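A short write-up of the structure that comes next.
For ligands, and for the atoms within them, numbers begin at 1 and follow the listed sequence. Everything quoted here is computed from the prediction, not taken from an experiment.
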Amino acid sequence: MIARVTLDLAVRREFDYLIPNEMEHNVCDGTRVKVPFGSREVLGVVTALLTESPHGNLREIIKTVGRQALVTPPILKLVRWISEYYCCAPEVAMKAVLPDAVRKEEEGWRERLYVRALPQHDKLPKLTKRQEDLWSIVEEWRELPLQELVRLAGTTSATIRKLEDKGLVSIAPQISERDPYAKEHILPTSPLELNDEQSVALRSIVKAIDCLAVSKDNAIDVKENGVFLLHGVTGSGKTEVYLQAIAHALKQGKGAIVLVPEISLTPQTVERFKARFSQGPLQTLVAVLHSHLSAGERHDEWHKIRQGRARIVIGARSAVFAPVEPLGLVIVDEEHEHSYKQEEAPRYNARDLAVVRGQQEKAVVVLGSATPCMESYYNVQRKKYGLLSLTERADAKNMPIVRIVDMRNASRKDKGISIFSPQLHEAILQRLEKKEQVMLFLNRRGWSSSLQCPECGFVAECPNCSVSLTYHRAAQKLMCHICGHIDSAPTKCPEPNCGNKSIRFSGLGTEKVEAALGKSFPSARVKRMDSDTLKRKEDYRRILGDFRSGKIDILVGTQMIAKGLHFPNVTLVGIIHADLSLHIPDFRAGERTFQLLTQVAGRAGRGDVEGEVYVQSFTPFHPAIQYARRHDYIGFYDQEIEFRQELRYPPVGRVALLTLRGRSEDRVRFFSDHLRKEMDLLAHEMGDVVIAGPAPAPLLRAENFYRYQIMIRTPRMPQLSRKLSSKIDSLQIPEDLRLIIDIDPVSLS
Ligand code: ADP
Ligand code: ZN
């Protein structure tokens with residue numbers, strides 16, 4: 001037999017190897033193997049078994065890795081789909097589906113010494129008092145790690161060895177699982193009684209799970225194709241619907257994957273799932289996959305899934321590849337989040353892969369959001385997805401009142417515009433008096449957005465990127481938010497002919513807001529949360545913990561504080577500068593602003609007191625702001641879709657973004673023109689393709705690379721992908737340039 005293998009090497013093709021006789025039974029599709037390659041030995045994954053190969057002189061597989069195939073057949077199928085649709089080499093797609101911790105040649109399990117009580121038939125041998133005490137502990141536990149016993153009994157391992165000599169216990173190495181949540185104490189919960197809207201939603205999902213379970217491959221007969229958009233306002237009880245839908249999948253003998261944006265994957269979130277399935281007839285392990293786990297924890301969590309012991313998986317983007325079998329349900333919470341898109345090859349979107357996987361494995365997919373992305377709602381309108389709506393908060397709380405403050409009229413002082421409008425200032429004062437909590441949001445960290453000389457117009461810019469440097473006062477430095485370049489902050493204008501001493505900082509960052517709060521509300525306890533203040537991984541939890549327990553009155557932060565957090569005592573949310581995201585050069589600017597405002601506003605009034613939101617804006621009548629004020633998603637969608645329709649932007653058309661980058665702008669520009677001609681030929685073959693560019697990327701220069709872009713729009717992306725792939729293979733891209741193909745990009749910068 002012959003195995004076709006995708007190697008862990010960037011070679012853009014697969015290789016065939018002979019399977020030695022003694023391995024025949026161990027090698028199947030998805031087995032991880034070690035093979036010779038030139039003079040080296042490399043790892044890879046078997047993707048197919050063949051009886052003959054077009055190649056001669058095949059070499060033999062050296063060894064297999066792991067006790068079972070690491071890549072399951074459904075995941076292999078997904079790998080092929082990714083490679084085709086996202087125009088990437090098979091090994092690139094394969095890299096995404098196995099965590100690094102699992103790919104290694106060594107097994108990766110942690111072995112520890114365990115002490116086990118041996119059955120005693122006769123009278124116990126004679127023991128000293130200490131040995132007797134020790135024995136009674138072992139007898140009670142029956143089995144426990146040696147180190148644990150040393151600690152419990154306050155003894156030494158030598159004493160324990162004495163028990164071994166007397167035939168009372170055995171001491172042997174054993175695999176010990178690392179549990180990232182071992183220290184948490186979780187109280188079990190039972191299902192809540194659903195309100196009418198929740199019941200309707202759950203019934204539809206349950207029905208689809210049952211339908212898909214009985215449908216034969218060639219007779220899928222669910223009206224929709226088993227994908228639902230669960231559109232529910234913040235606090236409408238989406239999570240409770242997820243939990244009960246998962247319970248149904250488990251009853252049917254199937255497992256579930258829950259995708260959550262990395263930033264919302266808090267212990268709180270995980271706990272809600274663990275608590276529900278920690279006991280009772282549906283008891284199962286809940287595995288968690290995210291980037292904060294140690295490699296060892298990741299390894300163990302993954303194998304719990306692969307071995308079928310954990311039937312529920314919660315994780316960020318890459319958890320979409322979790323080898324749950326059979327898969328009954330995939331949930332994508334906050335499905336509009338851009339973090340589901342991987343910004344390096346393979347450039348997949350986990351939300352879209354969830355839908356593909358659902359179709360391939362006959363699993364129901366539920367996309368949940370208070371502000372669904374345009375793509376998902378468009379699919380509802382075209383009857384591709386079923387719509388489930390939760391229009392009211394489950395806890396019968398009102399939606400917060402949103403007030404827009406027109407900053408064009410706000411009082412001006414100190415030459416600049418004050419950070420807090422009089423309205424917001426007054427509102428903060430009142431909330432502080434009542435001992436309620438406040439969150440202030442600004443999507444820019446640092447002190448100021450730029451350093452400018454009012455005399456000669458000099459602006460401090462990054463030497464590597466086409467952006468201005470941000471001043472960070474605590475560090476006393478200028479920093480680039482793209483490449484991390486750091487400069488000292490000048491005290492006078494560095495232009496040789498100028499030297500003006502009153503060089504000014506303009507624009508706002510969170511650091512400055514924090515300082516202004518200190519001045520305006522001196523007795524308030526203020527804390528800032530952005531990537532500058534979070535140095536270690538516990539910081540995030542600690543700050544949120546302090547806020548929850550009331551040790552902080554005002555929390556200032558970037559988008560980090562916007563997502564899915566639940567603080568009952570927060571009654572006021574202030575958005576300092578709502579226009580920031582409106583002015584980014586991207587057709588999704590309006591959509592992103594609407595989503596962001598709605599999400600931030602959703603943080604207010606989750607407790608007993610009604611919430612209030614102040615949105616400060618210089619363009620108060622922009623539709624994204626006005627519809628967010630009225631909590632009117634459909635209104636926003638209807639006007640936004642018109643603009644997308646007109647320009648054939650997603651979701652009406654689909655986009656492939658080709659970015660060419662290199663150190664010489666001339667070379668990049670020259671080759672982009674050549675690329676454009678090639679794309680014109682391709683467009684001619686396909687017919688319904690619109691090409692724009694090449695044009696400098698919105699951020700022309702980043703980390704010293706110049707970038708030019710070509711945007712291709714088409715209603716038929718799979719066809720375009722296929723043609724692009726074969727074109728790229730024949731294209732001779734010069735060594736000093738790199739071509740990046742991004743299918744369905746979520747950001748154009
Ligand atoms: P979402 O996920 O839509 O933001 P959650 O599931 O977090 O909303 O629900 C918000 C709050 O309402 C939670 O405290 C939850 O326990 C509660 N809740 C959800 N469903 C119900 C219900 N049917 N009855 C009572 N409380 C509910
Ligand atoms: Zn830079």
Option whose closest heavy atom lies nearest to atom 26 (N) of ligand 1, chosen from Asp196, Thr269, Leu390, Leu192: Leu192
contact_flag Arg393 ligand 1 heavy-atom lt 4.0 Å: no
Can you name the atoms of ligand 1, numbered from 1 with element, that are less than 4.0 Å from a heavy atom of Ala394? 12 (O), 18 (N), 19 (C), 20 (N), 21 (C), 27 (C)
Would you call the rings of His231 and Tyr377 parallel, tilted or perpendicular, taking 30° and 60° as the class edges? perpendicular
Answer with yes or no whether Val241 contacts ligand 1, where contact means a heavy atom under 4.0 Å from a ligand atom. no
For residues Ile575 and Tyr614, determine if any side-chain heavy atom of one lies less than 4.5 Å from a side-chain heavy atom of the other. no
Can you tell me how the ring of Phe594 sits relative to the ring of Phe636, calling it parallel under 30°, perpendicular over 60° and tilted otherwise? parallel
Go through ligand 1 atom by atom and flag the ones less than 4.0 Å from a non-hydrogen atom of Glu193. 22 (C), 23 (N), 24 (N)
Is the ring pair Phe643/Tyr649 parallel, tilted or perpendicular, if the boundaries are 30 and 60 degrees? tilted
Any Gly235 heavy atom less than 4.0 Å from ligand 1: yes
Going by heavy-atom distance to atom 13 (C) of ligand 1, choose the closest among Glu197, Arg272, Glu334. Arg272
Can you find an N or O of Thr234 that's nearer than 3.5 Å to an N or O of ligand 1? no
I'd like to check which ligand 1 atoms, numbered from 1 as shown, lie under 4.0 Å from a non-hydrogen atom of Glu240. 6 (O), 20 (N)
Mode of Gln268 contact toward ligand 1 - side chain, backbone, both, neither (heavy atoms, under 4.0 Å): neither
Going by the order shown, which atoms of ligand 1 are within less than 4.0 Å of some heavy atom of Val233? 3 (O)
Heavy-atom nearest pair, Ser747 first then Asp586, reads CA-OD2, 3.5 Å
Ser581 and Thr593: which non-hydrogen atoms are nearest, and at how many Å? OG-OG1, 2.9 Å
Worked check of ring-ring contact (aromatic ring centres under 6.0 Å, His included) between Phe321 and Tyr348: CA-CA 12 Å; Phe321 303 116; Tyr348 67 88; 5.1 Å; yes
Answer yes or no: is there a side-chain heavy-atom contact under 4.5 Å between Ser278 and Gln283? no
